[in-house]
Amino acid sequence: MASVVTRFAPSPTGHLHLGGARTAIFNWLLARHFGGTFRLRIEDTDLLRSKQEYTDSILASMRWLGLDWDGEIVYQTTRTELYNSYVEKLLASGNAYYCSCTSEEVEAMRQKAKAQGLKPRYDGHCRNLGLGPGDGRCVRLRLPDSGRVVFDDLVKGSIAVDVKELDDMVIRRADGMPTYNMAVVVDDHEMGLTHIIRGDDHVSNTPKQILLYQALGLPVPRFGHVPMILGKDKQKLSKRHGAKAVIEYEKDGLLPEALVNYLARLGWSHGDQELFSRDELIRFFDGTNLNPSAACFDDVKLAWCNAHTMREMPLSELVAKVRPFVSTLGFGTLESERLEPLCVMFRERASDLLGLAESFRPLLLNATALEYAEKDARKHFVPAAAVHLKVLEGLFASCEPFDAEHIDAVLNAYVADNGLRFKEVAPPLRTALMGFMGGSHLNEIMAFLGKEETVQRLARARAFCEKG
RNA sequence: GUCCCCAUCGUCUAGUCGGCCCAGGACAACGGCCUUUCACGCCGUCAACAGCGGUUCAAAUCCGCUUGGGGACGCCA
C-alpha cells in the first residue's frame, strides 16, 4: 500500500476544541500506524475571523497533546495563486465558467426552488452564456448533467448522492479568492493526502469535492467522516453546551495522555479495551472500527481515565507535573523530596493535577492555620479524646527517629497497651492532623509533617477537645 | 421543504460470514469485602438490541416502512 498521508486542517478562528482534537488524533494515529505522514494546514482564508493568537494556541495544544506533525505547516492565505492556476485549468477545459449573477439573483433562484419543494440551488443561468472574465463575475464549476457520486466512506460505508441534488458551485469568488471547497481540493491534492478523516458535517461537501477532483482529473483520496461529539444532553457540543477548549483541560490539570486516550475511545473501539498507552493506540488504530453513530462526551469517564493515568505514571513525572499547580495555589515552590511523599499519599485520591495539589493544602499550612471541618470537629473533638491526644503528644515527642515506621510502632503500642481500639483513637487524631476525616495513612502524614508540627497540631486539637 | 447520515444499558461501547447473545466489557449508580478515615483494589446488583412488518429452521445482526435524532443545502470555513 502506498504511504499514508493524513492531515489536520483547522481554521484559526478559535482555540482547539474537543471535536477538532479528536479528528486530529484520528488522523495522527492513522499516519503513525502506517508509518505515514501527518500534515498540518491552517485554513486562514477567513480574514475577518482568523487570528494569529488562535493559530499559536492551536499549535500549542497540538504539542501539549503530543501530536507532532511532519513537514512545513501550510497556510492557505499564501497560496491564492496556486488555487487560481487550478481554476484556470478548469476554465480552459470547459469544466468551469464565468457567472455574472448577483447574490440577489441567486437568492431569488433559491427561493423559487424552495417554493417548489426542491432543494434551494443555483439554476445554471450563466452556464451556456460563454461569458468571459469581467467585473463582479465569479467562476462556477460545470457539473455533469446526470449521474451519481458514490464513495466508500471509512466510517459510514457507501454513500451515494445524485448529481441533481447539487448545483454549479462557485469555485472562485468575484474578488478572485477561491472558495473553501476549491482550496481544500487543491491543497489536499498538492499535499499528497491519501486519507482524510474529518467531521460529519463535511459529508455533504464530499460529493462536491469529488466532482472537483474528477473535473481536474485527479485521484480521489479516501474519506472517513466521524460523527460530531455530543454534549451530555445529546445536543451538539457547542460553547453553550459545555464544550471546552483543550487549553482549558490543560489548565484544570488533566494529563494529555488521558485526554488522548479518552477522545480516541470516543467513536472508536478495540474490543473491550478502555485504557491504552500511546503506543497501543498507534498499534491498534488502523482506520477500522470507527463508530458511525454520534457519541456523547462524558466528563465523568474522562476523569476516571485521568485518575487512572495519574496513578500509573512514574512518580518523578507526576511530581514534575503537579509542581506548577502547587505554586499556583500559593503553596510555594517545593523540593521534589517534599512533593514526592505528598504525591504518594494522595495520587490515588485525586482525579486531576489541580485536585491533587489542592489535597496537599492541610499538610502545607501551619498548625495554627489549619481549619477544622465543623462536622468532624464536633463529632471527634470530645473530652475523652483529649486524654489520648495528650498521651500521644508525649509519646511522639520522644519518638526517635520520627519516621513512618516508628510512628506506627508508637501508635500501635499505645492502642494495644491500653486495651483500646483504633476506632477510638484514630478519628480525633486524624481530625487534629488533617482538619477533617480524610487523607492518607496517619503515620505517613505525621512523618511528612515532622515531629514539631505533629505535636503542635495535637496540642491545638486537644484544647478544642477539652472545651468539649 | 429537499437530500444525506445515524439508531444496543443513563453514558462509552463489544457483538467476524445471521445461530455459541433470554446480549459481553467499561464509566456512573447501588450493595458488600478490605480498612486506622477517605480513596484505591476486589466481589456483586441494577440496567439496553426504538417500533412494526418481512426473509429464514434461526435476526441485535439481512430487507422494508414508521418514529426519533443529527447534518447539509453560502461568492463561510
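So that the names make sense, note that chain A is the first sequence line, chain B the second, and so on, each numbered from 1. In what follows, every heavy atom counts, from backbone to side chain, and hydrogens, waters and symmetry copies are set aside. Only a predicted model underlies this, so the values are computations on that prediction, with no experimental measurement involved.
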* **Who pairs with B/A23 - Watson-Crick or G-U, where each distance is under 3.5 Å** => none

* Taking only Lys NZ, Arg NE, NH1 and NH2, and the carboxylate oxygens of Asp or Glu, determine whether A/Glu165 and A/Arg148 approach each other closer than 4.0 Å. => no

* To do: Describe the nucleic acid contact of A/Ala295 in one word from base, sugar-phosphate, nothing, applying a heavy-atom distance below 4.0 Å.
  => sugar-phosphate

* Asked: Which is true for A/Gly199 with a 4.0 Å heavy-atom rule: it touches a base, it touches only sugar-phosphate, or it touches nothing?
  -> nothing

* Asked: With both distances under 3.5 Å as the test, what is the Watson-Crick or G-U wobble partner of B/C3?
  -> B/G71

* For B/A50, which nucleotide is its Watson-Crick or G-U wobble mate, given both distances must be under 3.5 Å? -> B/U66

* Taking atom OH of A/Tyr86 and atom CZ of A/Arg79, what is their separation to the nearest 0.5 Å? -> 9.0 Å

* For B/C30, what is the paired nucleotide under Watson-Crick or G-U wobble rules, both distances under 3.5 Å? -> B/G44

* Structure fact -> Checking N1-N3 plus N6-O4 or O6-N4 for Watson-Crick, or N1-O2 and O6-N3 for wobble, each under 3.5 Å, the partner of B/C38 is none

* Looking for any heavy atom pair under 4.0 Å, which part of the strands does A/Glu274 touch: base, sugar-phosphate only, or nothing? -> base

* Is there a side-chain polar atom (N or O) of A/Arg347 under 4.0 Å from OP1 or OP2 of B/A39? -> no

* Counter-base of B/C17, judged by Watson-Crick or G-U geometry with both distances under 3.5 Å -> none

* Is A/Asn205 touching bases, backbone alone, or none of the nucleic acid, heavy atoms closer than 4.0 Å? -> base

* Does A/Arg110 make a side-chain N or O approach to OP1 or OP2 of B/C75 shorter than 4.0 Å? -> yes

* To do: Take the protein atom NZ of A/Lys114 and the nucleotide atom P of B/G74, then report the distance between them rounded to whole Å.
  => 9 Å

* To do: Give a yes-or-no answer on whether the side chains of A/Arg283 and A/Ser277 include a donor-acceptor pair shorter than 3.5 Å.
  => no

* To do: Would you classify A/Thr45 as touching base, sugar-phosphate or nothing, given that sugar-phosphate means primed atoms plus P, OP1 and OP2, and contacts are heavy atoms under 4.0 Å?
  => sugar-phosphate

* Which base sits across from B/U55 as a Watson-Crick or G-U pair, both distances under 3.5 Å? -> none

* Do A/Asp272 and B/G24 share a donor-acceptor pair, side chain to base, under 3.5 Å? -> yes

* Complementary nucleotide of B/A60, counting Watson-Crick and G-U pairs under 3.5 Å -> none

* Asked: Between B/A7 and B/C12, how far is it from one P atom to the other, in whole Å?
  -> 12 Å

* Is A/Cys296 touching bases, backbone alone, or none of the nucleic acid, heavy atoms closer than 4.0 Å? -> sugar-phosphate

* To do: Determine the contact category for A/Pro292: base if any of its heavy atoms lies under 4.0 Å from a base atom, sugar-phosphate if only primed atoms, P, OP1 or OP2 are that close, otherwise nothing.
  => sugar-phosphate

* Would you call A/Phe422 stacked on B/U36, i.e. ring centres under 5.5 Å apart with the planes less than 30° off parallel? -> yes

* Just to confirm, is there a sub-4.0 Å distance from OP1 or OP2 of B/A14 to any side-chain nitrogen or oxygen of A/Ser269? -> yes

* Asked: How would you label the contact of A/Leu266 with the nucleic acid (heavy atoms, under 4.0 Å): base, sugar-phosphate, or nothing?
  -> sugar-phosphate

* To do: Scan A/His441 against the nucleic acid and name what it touches under 4.0 Å (heavy atoms): base, sugar-phosphate only, or nothing.
  => base

* If the C1' atom of B/U55 is compared with that of B/G19, how far apart are they to the nearest Å? -> 16 Å

* Asked: Starting at the 5' end of RNA chain B and moving along, which residue's nearest nucleotide shows up first, A/Val155 or A/Asn291?
  -> A/Val155

* Pairwise C1' distance, B/C34 and B/G44 [rounded to whole Å] -> 15 Å

* Indicate, with a heavy-atom threshold strictly under 4.0 Å, whether A/Gly439 touches base, sugar-phosphate, or nothing. => base

* With distance as the sole criterion, is a donor-acceptor pair present between the side chains of A/Ser57 and A/His15 under 3.5 Å? -> yes

* A/Ile210 CD1 to A/Asn205 CG distance, which is reported to the nearest 0.5 Å -> 11.0 Å

* Asked: Got a second to check how far A/Ile197's CD1 is from A/Ile25's CD1, nearest 0.5 Å?
  -> 11.5 Å

* Looking across every strand, which nucleic acid part, if any, lies under 4.0 Å from A/Asp168 by heavy atom: base, sugar-phosphate, or nothing? -> nothing

* May I ask you to say what A/Ala160 touches in the nucleic acid, namely base, sugar-phosphate or nothing, with a heavy-atom cut-off under 4.0 Å? => sugar-phosphate

* Asked: NA contact type, A/Arg421, heavy-atom cut-off 4.0 Å: base, sugar-phosphate, or nothing?
  -> nothing

* Asked: Does the B/C40 base have a donor-acceptor partner in the side chain of A/Arg311 within less than 3.5 Å?
  -> no

* Asked: Counting N and O atoms only, with roles assigned by atom type, does the side chain of A/Arg22 sit under 3.5 Å from a partner on the main chain of A/Leu266, one being a donor and the other an acceptor?
  -> yes

